[in-house]
Novice: 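Quick one: structure below, then a few questions.
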Amino acid sequence: MTKAERLQLREEARRMFYHAYDAYMDKAYPADELMPLSCKGRWRGVTPSRGDMDDVLGNFSLTLVDSMDTLAVMGDFSEFSRAIKLILKDIDFDQDIVVSVFETNIRVVGGLLSAHVLATALKGEVPALAWYGGELLALAEDLATRLLPAFNTSTGIPHGRVNLRRGLAGLAESRETCTACAGTMILEMAALSRLTGNPVFEDKAHRAMDRLWKIRHRTSDLMGTVVNVHTGDWVRKESGVGAGIDSYYEYCLKAYILLGDEKYLARFSRHYNAVMKYISRPPVMLAVHMHRPHLQSRNYMDSLLAFWPGLQVLLGDLKPAVEIHEMLYQVMQRHTFIPEAFTTDFQVHWGQHPLRPEFVESTYFLHRATGDEHYLRVGEAALRSLQRHARVPCGYAALGDVRTGAREDRMDSFVLAETFKYLYMLFADDARLPVRLEAYVLTTEAHFLPLALAARPAPHAPHAPAAPRIAPPPEHDAPNAYRKTCPSPRSLVAAAVRRPLRRLLGAAGRPPARLRPFTEPQQLHALADMGISAITLPDGRVQLLYAVTTAKSAKDAAEGLTFMHEMSKWNALGDTENGVVPAGVQVDGRVLPAGPAHFGKEVRAEERLRGAAALARPLDACGPPLNAHELAGKFAVAERGRCTFAQKVRHLQQAGARLAIVLDNVPGSSHWATALFAMSGDGVDDIRIPAVFLFSEESAHLLEQLRKDPEQQLTVGELKAMRQQADGACEGGSCETVLGAEGPPADKETFDHLKNVLKQLVAQFEVSLPEGGSCPGAEGGGKQVHVATTKFVNEPAPGGRGAPQAEGGGPGAGERDPPRDDGAAGGGDL
Ligand code: DMJ
């Protein structure tokens, strides 16, 4: 990306922020939020309630408080100064309103502190801020004091909600809070104590953190999601890194970075190891039971976990960060945005998207750590999605469902505080920002707290804590801030880590169709030992995920690979029995495998449909096509995305099309990497025409052929029958000639695919090799890499069984999978 391009994107991010900010200030301020569709303010107690969601509102001009420091980052000091003055004039926290303690802390206390810290740092150089005398700090202290009653529990774990004027009055009944809610106080509270000299805030927050640490599961070191504030008992014991827990882990690490207190690093390390052991299965993150961590508790991931790669960058664990981020990027490309929840085979579970920042946040951190231009491109894609799908005349509107693009009358304050701030910082040149980034920790709401606080002892502390080990780098070394991590970013080629992931995502998304759910703990343990996790999907199918790094040993990993191989082969054979009867689209003599649809006319073995194609305009066909006259009587071609398959095909049918071909919008997808699937319907039985789906690689071939000859005839039929016809093409001379049809039989396809996966796994091992030897303290280190490489690629295992041989020479010829002896291979008995 050229400098000029990057600058343009930075400016576009700035304009996006102002489009939202100006709309809020003009149409909503001093309300808490802007409602971008009705273009007016959202007031607590006035605007119809949305239930618990409204606990974030306190009639305290939330959006302005949360956005102030973004103005400073963008160098708009006159507006920054005006915003501070408005806040000082207008805000009154003395309100009879019940608010969320967590949200008020991270957004409002954090926003006030950050603006205070930046205004104080800048006032010497910026005349517009010369007047500032620390007034925001007093406001932050007033508000935090109103949150303190929440900590009046026998455990020290704070209540989830508090009344700003009346404390816990009327709330004594409340018992439950989330782990993240209770464990995301320490940064703001410690900063407040150290800046004001009043120890109470930091003391309370430390106590809550101590209690949370105590109630972790002693064997797994995992946390649950909901806890009883009075007893410290877990109410919900599922454990992940997303909703309900996310920022607790974040604050364990950042408390160490900000305060230099080693106990937080020790705690974080224990939690991190547990997460990497039980939850992280690159490319996915699981949710498990904290007390039975080999057992999955859910079959979907939530969008909040997208912050995790950013946190891994702070820790210096870059490789898994690159992997998880790449998976999220694929999800984003598939669904335009990351939906609130998506299944482990990357389908939408809950389609809402409130323009959350987490994915852009991780993109920003990965770019800073690797300097890899890829992350600028990812940021650009995120920016384009926002511009295309969320921008409305009055700000930016959340999406109610990423599948339909339906918008909601909602613009959360974090869109300005985080999403636009991270986008701007991603494209900005650090050296030209008015804020010296390396001197601050960013809170979970992207507010700035100065690292210098570590040197300032806590007001009550008898002696200062040890100096932080992750010290801010000296100014001249700032670009190398992450160079001392292991594996070193110098040896880690992020692109090489990402490449196999693009295909592995496809493989991971291929759920065996006929397995019964695994219930026996022995089965789960045996699989876990081999690096395999079994997840039951919402529709009852079982998905197997294989991560070589999580296997017990290299031998187990090799067995796992054999097992996956056999399951995959078996699954491929089962496709047609599962109701997915693949279709074929023949163009220019080549038959392209295509997915059928659960709606419309069935593509049958005994029938061939022939016709010319025409592209729908607009290509997504989410509304009635503008070129109906061109589509009438044709095979209409549309692109996946923005609305459901059924909606598209319905529009094409209304335009008179005879058949619909839907092209995938996920770059690089192909039937080699991902199982064909049947497009789902919407329960309305009004579609009569047949419809088929092509992955991107096959789509590209089709489009290329149509570009060369727009008039050429396509043939659509059942894949197997078309192939059989191709096999007998010369007999009798009466059948169509199918040139260049799919060559290898299914078994070889499966094997070739597995060989690819295997090579990619080895490639991953190789890129994880640290320069000049293993990372100090890392288990296994270089030895593990060596063993894995030879086991998987070079060493024919004596007496191996069941592994197909590669035909002919070339890479992989003569490869053989090592034997299994527990009788589980083949999977038919599970
Ligand atoms: C933000 O308010 C914070 O980042 C919080 O920690 C959780 N996520 C929201 C935005 O998604």
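As the structure lists them, so they are numbered: ligands from 1, and atoms in each ligand from 1.
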Novice: To the closest 0.5 Å, what do you measure between CZ (R410) and CE (M35)?
Specialist: 13.0 Å

Novice: Under 3.5 Å, N or O to N or O, is D246 touching ligand 1 that way?
Specialist: no

Novice: Select one of side chain, backbone, both or neither to describe which atoms of E250 lie under 4.0 Å from any atom of ligand 1, heavy atoms only.
Specialist: neither

Novice: Report the part of I106 (side chain from C-beta onward, or backbone N, CA, C, O) that has a heavy atom under 4.0 Å from ligand 1; answer both or neither where that applies.
Specialist: side chain

Novice: Under 6.0 Å between ring centres: does that hold for F359 and H353?
Specialist: no

Novice: For K263, look at atom NZ and say whether over 12 heavy atoms of other residues, nucleotides or ligands are found less than 6.0 Å away.
Specialist: yes

Novice: Of the side chain and backbone of L304, name the one, both, or neither that has a heavy atom under 4.0 Å from an atom of ligand 1.
Specialist: side chain

Novice: Going by the atom numbers of ligand 1, which of them fall below 4.0 Å from some non-hydrogen atom of E358?
Specialist: 4 (O), 7 (C), 8 (N), 9 (C), 10 (C), 11 (O)

Novice: Pairs of nitrogen or oxygen atoms closer than 3.5 Å, one from E103 and one from ligand 1: do any exist?
Specialist: no

Novice: Hey, is E418 one of the residues with a heavy atom under 4.0 angstrom from ligand 1?
Specialist: yes

Novice: Would you mind checking which non-hydrogen protein atom is closest to atom 3 (C) of ligand 1, with the distance to 0.1 Å?
Specialist: E445 OE1, 3.2 Å

Novice: Flag the pair W213 / Y264 as yes when their ring centroid distance falls below 6.0 Å, and as no otherwise.
Specialist: no

Novice: Give the residue, atom name and distance (to 0.1 Å) of the protein heavy atom nearest atom 6 (O) of ligand 1.
Specialist: T444 OG1, 2.6 Å

